[in-house]
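Everything on this sheet refers to the single structure shown next.
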Amino acid sequence: MTELLQKIHQLNIADISAPLGFHADGQHVGLKHKSKDLGWIYSETPATVAGVFTTNQVQAAPVQLNKATIKNGELQAIIVNSGNANAVTGHIGLEHAKIMQDTTAKVLNIDASLVGVASTGIIGQILPIDTVVAGIHQLNIDGDTNGFAHAIMTTDTQEKSITVQSTIDGHLVTMSGVAKGSGMIHPNMATMLGFVTTDASITSDLLQQALSDDVETSFNQITIDGDTSTNDMVLVMANGLAGNKTITTASEDYDHFKAMLHAVTTALAIDIASDGEGATKLLSVTVNNSDSELGARMVAKKVVGSSLVKTAMFGKDPNWGRIIAAIGASDVAINPDIIDIALNNIPVMSAGAPVDFNQDTMSESLAQKNIAITINLHNGAAHGQAWGSDLTYDYVKINALYTT
């Protein structure tokens, strides 16, 4: 994977419509007070599709609709609104999701079975469908492509997007991703909302396998507040216009494609983690020398998800006792007498015992935006990572006033 990642070039300008044959737009249509709140992605030809969705038992209408829609293995467009989750809205919510699908299909002159639907925002409020329908008619095929990233945002403070290129089968392949997410993020099989476009040619079965495998080490390894949303989803569309020979089996080309997908999803996952509601710091936890990759990931996510660890990092407090306590609270077998811990490469615990460190140097280090927590379990050779944010006063304020 490392060698393949070195062959991938990240472009300076990120654009969800950068792959050949893709178009996008995002506009303000009146679901929110001022900011953009409706957007779409459109492919000139039907694209193979893969999706992963929330495991929350309460699932928004668009999630339910998309699960059925992508069973045919193809999509040509995705319509997304923010400002209203269309979740826990009963039968009317499903009707509204279908109206969004049908209206988009009519405007783009494609079959409704080729349209995905996504919503994000406040749960439990009826979607103003007349406003959405009118808004869909305002969207353009070649519109404000950067506007799409803004149209899907809620409490996000910045857009999250990336475009990469590499050569597969002698053809230049482009892949772009965009995501939104800031709070209610503790994904299991997806994240808040993520969309990936590529002009690579790959079968829907392999695309689904690649995405399902990838989210385990990217989106599923971030946590902001421990809450799994009702609307979580990631959709990937691959329209094949790059011209490479269709990837049909596990091969070097398939590994290359997976490396591109991992570069995109990991970058988006880290962007989401760094933009947690009220966050001042990005926390990156790396677990080395575990007896399994799964165990390493579980320990990393347990640590980055600990409210006590999060608040300590917000307060620039090198309280590593909270870190070892979180490690011990995981379901992974460990030996605390051989574990090492470091904060921004400053050792604080070695072989299960405290290490003296300079308090001034540590305080200066923990004042940085990026905090790296490194854990060595010394019981194997596997590695895992997880990402999250600190827990601040502003997080409480944002969520205390979310609907008011």
Side-chain angles (χ1 to χ4, degrees), residues 1-2 5 50-56 156 160 162 177-196 209-229 232-236 258-277 279 281-307 309-310 313 323 326-327 329-332 334 341 343 370-377 380-391:
M1 176 70 80
T2 301
L5 287 172
V52 288
F53 304 94
T54 182
T55 56
N56 193 314
D156 307 61
K160 303 162 180 68
I162 181 174
V178 64
K180 65 83 52 184
S182 189
M184 198 182 285
I185 295 176
H186 187 71
N188 188 0
M189 292 307 295
T191 185
M192 287 292 288
L193 291 180
F195 307 100
V196 178
Q209 180 179 321
L211 178 61
S212 295
D213 290 345
D214 182 79
V215 295
E216 294 297 334
T217 57
S218 57
F219 289 121
N220 281 0
Q221 286 303 106
I222 59 175
T223 181
I224 302 298
D225 48 24
D227 287 316
T228 302
S229 171
D232 294 351
M233 73 173 71
V234 177
L235 294 174
V236 182
K258 288 196 299 180
M260 291 186 71
L261 182 62
H262 188 68
V264 168
T265 58
T266 301
L268 293 176
I270 293 173
D271 281 350
I272 290 172
S274 66
D275 193 31
E277 289 174 337
K281 303 178 189 300
L282 169 66
L283 310 183
S284 300
V285 179
T286 301
V287 176
N288 296 318
N289 297 315
S290 171
D291 61 359
S292 71
E293 289 186 6
L294 176 60
R297 296 200 307 268
M298 289 175 64
V299 169
K301 196 167 183 181
K302 188 71 173 180
V303 171
V304 84
S306 165
S307 295
V309 172
K310 287 172 175 289
M313 295 304 99
I323 298 172
I327 296 171
S330 72
D331 293 328
V332 178
I334 60 161
I341 299 174
L343 299 177
N370 296 326
I371 306 295
I373 301 173
T374 307
I375 300 162
N376 194 327
L377 297 181
H383 162 89
Q385 287 183 293
W387 303 273
S389 62
D390 56 349
L391 188 58

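Residue numbers start at 1 and run along the sequence shown. Keep in mind that what you see is a predicted model, and the values were worked out from it rather than measured.
- Of all heavy-atom pairs between Gly51 and Leu235, the closest is CA-CD2, 3.9 Å.
- In this structure, Asp390 contributes its side chain and Lys281 its backbone to a donor-acceptor pair below 3.5 Å.
- Contact annotation: the side chain of Ile327 approaches that of Val303 to within less than 4.5 Å [non-hydrogen atoms, C-beta and beyond].
- In this structure, the separation between CG on Asp271 and CG on Leu282 is 9.0 Å, given to the nearest 0.5 Å.
- Atoms OG1 and CG, on Thr217 and Leu294 in that order, are 12.0 Å from each other to the nearest 0.5 Å.
- Under the side-chain hydrogen bond (donor to acceptor under 3.5 Å, both in side chains) criterion, Thr266 pairs with His262, not counting sequence neighbours.
- Listed here is the closest heavy atom pair of Ala296 and His383: CB-C, 3.5 Å.
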- Query: Given Val196 and Leu211, is the side chain to side chain contact (heavy atoms under 4.5 Å, CB included) satisfied, shown in steps?
  - Reply: CA-CA 10 Å; Val196 178; Leu211 178 61; over 6 Å; no
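- Counting heavy atoms from C-beta on, the side chains of Gln385 and Val285 never come closer than 4.5 Å.
- Evaluation of the side-chain hydrogen bond (donor to acceptor under 3.5 Å, both in side chains) rule for Ser290 yields no partner, not counting sequence neighbours.
- Nearest heavy-atom pair, Met298 versus Asp331, reported as atom, atom and distance to 0.1 Å: CE-CB, 3.9 Å.
- Annotation for Gly295 and Ser292: closest pair N-OG, 2.9 Å, computed over non-hydrogen atoms.
- Partners of Asn376 under the side-chain hydrogen bond (donor to acceptor under 3.5 Å, both in side chains) rule, at least two apart in sequence or in another chain, are Asn289, His378.
- Partners of Ser330 under the side chain to side chain contact (heavy atoms under 4.5 Å, CB included) rule, at least two apart in sequence or in another chain, are Val299, Lys302, Val332.
- Note that CD1 of Ile222 is 12.5 Å distant from CG of Leu283, once rounded to the nearest 0.5 Å.
- Residue Ile272 comes nearest to Ala179 through the heavy atom pair CD1-CB, 4.0 Å, listed as atom of the first residue, atom of the second, then distance.
- Annotation: side-chain hydrogen bond (donor to acceptor under 3.5 Å, both in side chains) contacts of Ser284 (sequence neighbours excluded): none.
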- Query: Stepwise, does the side chain to side chain contact (heavy atoms under 4.5 Å, CB included) test hold for Thr286 with Ile373?
  - Reply: CA-CA 6 Å; Thr286 301; Ile373 301 173; over 6 Å; no
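- Listed by chain and number, the residues in a side chain to side chain contact (heavy atoms under 4.5 Å, CB included) with Ala386 are Gln221, Ala300, Lys301, Val304 (sequence neighbours excluded).
- By the 4.5 Å heavy-atom criterion applied to side chains, Ile341 and Thr374 are not counted as neighbours.
- In terms of heavy-atom proximity, Val178 sits nearest to Leu268 at N-CD1, 3.8 Å.
- A side-chain donor-acceptor contact under 3.5 Å links Lys310 to the backbone of Ser389.
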